[in-house]
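Written below as structure tokens is the structure these notes are about.
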Amino acid sequence: MFLSLSRNHIVVFIAGLLAACISFMWYGLVYYKGFNSDMAIHVLMAEDFQFSRDLYFRGQSRLGSLIPMLASLLVALGINAVWAVSIITYTLMFGNFVMLQTFLKKTWTKLALAVTLFFPNWAFIEQILPAHPYVSHLFFLSILLVLFHSQLKNDYKYPLMVLSSVFMIWTSEMALINIIILIIVWFNELRKEVLSNHKVVLWSFITLILGSITILWVKLSATGGGDYNHFLASKTEFFEAVKNFKNQLLSAVSYGGNKPPVFWLTWLLVVLTGSLLVIRRKPVKLAWYFILCSLASVGMVWVSHWASLNYYPHRYYTPAYLQFIFFLLLMADVSRNWFIIIPTVLSCIISSYSGYYLINHFSLEVDDRLNRIEMNELIDKGKTFGVLASYWNSYPIDALSENIVATPDEYSYNRIPERTGRVFEQDSVLVIRNGFLETLPDTLLQHGHKLLRISDARQLNEFDYAFYKVIE
């Protein structure tokens, strides 16, 4: 039995590692063809990480910078920043898999978990990309759950749980839901183990106070913030969010105008959920935890002002979707009913295929935004120069080239203002018109500098650009 168990562990570990490696070639930033400015800023932060300013995503007081912080250590060892961010992202994701699979008993559900984590649904593809907090959030949530279910002595376990909770909230304020629901679901156990031990209460309280003070200090010292500092949605925004969610669900169950894998996945999930209701299999507590977290995460999006600022995209429901899938896997793990097992397996496969379908059948292109191939062509146009472009066309070029420094135009949000001066110190500046200018004029005033065009206007597919020289 011991030999068989060890063999299963090895199979699961190797399968998870293989899934991570294959996924890396599709979604790792060194290969991902949808590379954009939000991802590029993580790369640029890793290149020049400073604790006094970079503990949150540049320009705002949320989204803790775990990935660029750890990636900066690899950069210090001489590793390219794009590779460093990619390696750290996948190291954290593999850690998530290793920790979460411990809650599953069956080999097939562990393998289904690997497929779910490393091959995301197209609508929630950001679960494996560093532009959003989902990787870091899940990492600290996994640590929290592993600690809670461990046999570690309570004197150490609960202070460490509080510490992991502090880090989780640092990475994403939505993590507060995970903590509240953990307390609700396991209230009796927590009351018995924590309140009866004064030493545990003392050290947990000290950890909580110090962690809260640290987060408050980091938020106050964070650069920028703007509208993102206003958290709660207005009444109008709340009802708009509910309406938008309803429309997204209706679109998902409709074949017309939808990406085919999503249609089949949605109905499989409907069948699976219906089977669970009919069979009435009592969920284990961890399954209850994940389904409650999933529902609460949807509610968090509805009451969040920052979601309305971005018109409620699919990606904001990523935590809700992931935790719903975890719930289904836990239910399937304790079931022998094929009406649960088969839809679960098919759901994981089709969900993962939908991401592959997206990156291989759609260009991922957005109007007035360079794609990765076009960025690389522009990088090859010269050895060392500055770049002045829109927000979405500047930072990615900077991140992909070690010889180029870029800045967005003065009308865009400048998340890394200290790079702006360096752009205008270069011998020439490449100006990209799209998303920024109507034409490429002979002279241009930007960021307090006057530029003179020194080349003809050139074209790369739909994009117009020209080289300029700083004259004032």
Side-chain angles (χ1 to χ4, degrees), residues 29 32-45 47-48 58-59 81-82 131 223-224 226-227 309-311 362-472:
L29 289 195
Y32 184 57
K33 66 180 184 179
F35 187 75
N36 63 32
S37 266
D38 288 344
M39 302 169 198
I41 288 170
H42 279 76
V43 174
L44 297 174
M45 288 174 66
E47 285 184 356
D48 183 28
R58 292 300 297 273
V82 179
T223 58
D227 288 333
L309 293 176
N310 292 284
Y311 307 103
F362 290 84
S363 66
L364 301 183
E365 293 180 4
V366 180
D367 289 342
D368 287 331
R369 295 188 195 179
L370 294 161
N371 62 38
R372 190 160 188 158
I373 296 174
E374 291 165 339
M375 293 178 201
N376 287 327
E377 286 192 34
L378 287 177
I379 290 171
D380 291 340
K381 296 296 180 182
K383 295 182 179 179
T384 302
F385 52 87
V387 170
L388 178 65
S390 67
Y391 173 85
W392 295 106
N393 289 328
S394 54
Y395 292 127
I397 294 177
D398 194 335
L400 291 174
S401 173
E402 296 180 355
N403 298 320
I404 293 174
V405 60
T407 191
D409 63 87
E410 63 183 12
Y411 309 111
S412 297
Y413 188 22
N414 193 347
R415 291 189 181 273
I416 313 180
E418 63 270 17
R419 301 182 80 86
T420 301
R422 292 174 53 194
V423 170
F424 297 100
E425 293 172 358
Q426 306 302 313
D427 293 335
S428 61
V429 177
L430 176 67
V431 176
I432 302 171
R433 179 193 65 79
N434 302 64
F436 167 27
L437 298 165
E438 292 296 326
T439 62
L440 290 167
D442 292 334
T443 59
L444 181 65
L445 292 173
Q446 278 286 310
H447 296 287
H449 295 275
K450 186 174 183 180
L451 297 90
L452 176 68
R453 183 153 61 90
I454 58 175
S455 75
D456 294 332
R458 304 170 187 177
Q459 194 168 34
L460 174 63
N461 298 329
E462 301 299 322
F463 293 87
D464 301 318
Y465 68 95
F467 282 95
Y468 284 72
K469 182 178 181 179
V470 178
I471 56 175
E472 290 183 17

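What's counted below: heavy atoms across the whole structure, side chains too, no hydrogens, waters or symmetry copies.
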Verdict with supporting geometry, V405 and E425, side-chain contact (heavy atoms from CB on, under 4.5 Å): CA-CA 10 Å; V405 60; E425 293 172 358; over 6 Å; no
Other residues, nucleotides, ligands: >12 heavy atoms within 6.0 Å of I471 CD1: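 Yes, the 6.0 Å shell around CD1 holds more than 12 heavy atoms from other groups.
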Which pair of heavy atoms, one from [X] and one from [Y], lies closest together, and at what distance?
X	Y	result
G448	E410	N-OE1, 4.4 Å
L400	R372	CD2-NH2, 3.4 Å
R58	P417	NH2-CD, 4.0 Å
E374	F463	OE1-CE1, 3.3 Å
G34	M39	O-CE, 3.8 Å
F467	S455	N-OG, 2.9 Å

Can you check whether [Y]'s main-chain N or O pairs, donor with acceptor, with [X]'s side chain at less than 3.5 Å?
X	Y	result
Y395	I416	yes
S37	Y391	yes
Q426	R422	yes
H449	L444	no
N36	W392	no

From [X] atom [atom1] to [Y] atom [atom2], the distance as rounded to the nearest 0.5 Å:
X	Y	atom1	atom2	value
T407	R415	OG1	CZ	13.0 Å
N393	D368	CG	CG	7.5 Å
N434	E462	CG	CD	8.0 Å
S394	I41	OG	CD1	8.0 Å
D442	L451	CG	CG	12.5 Å
D409	Q446	CG	CD	5.5 Å

Trace of the side-chain contact (heavy atoms from CB on, under 4.5 Å) decision for I454 with S428: CA-CA 9 Å; I454 58 175; S428 61; 4.3 Å; yes
Test item: side-chain donor near acceptor, T420 and N414, under 3.5 Å: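 A pair is found: one side chain offers a donor N or O, the other an acceptor, under 3.5 Å apart.
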Residue pair V387, L378: steps toward the side-chain contact (heavy atoms from CB on, under 4.5 Å) verdict: CA-CA 10 Å; V387 170; L378 287 177; over 6 Å; no
Working for side-chain contact (heavy atoms from CB on, under 4.5 Å), residues L388 and H447: CA-CA 10 Å; L388 178 65; H447 296 287; 4.1 Å; yes
Side-chain contact, heavy-atom cut-off 4.5 Å: [X] with [Y]?
X	Y	value
L430	I397	no
F385	I404	yes
N403	S401	yes

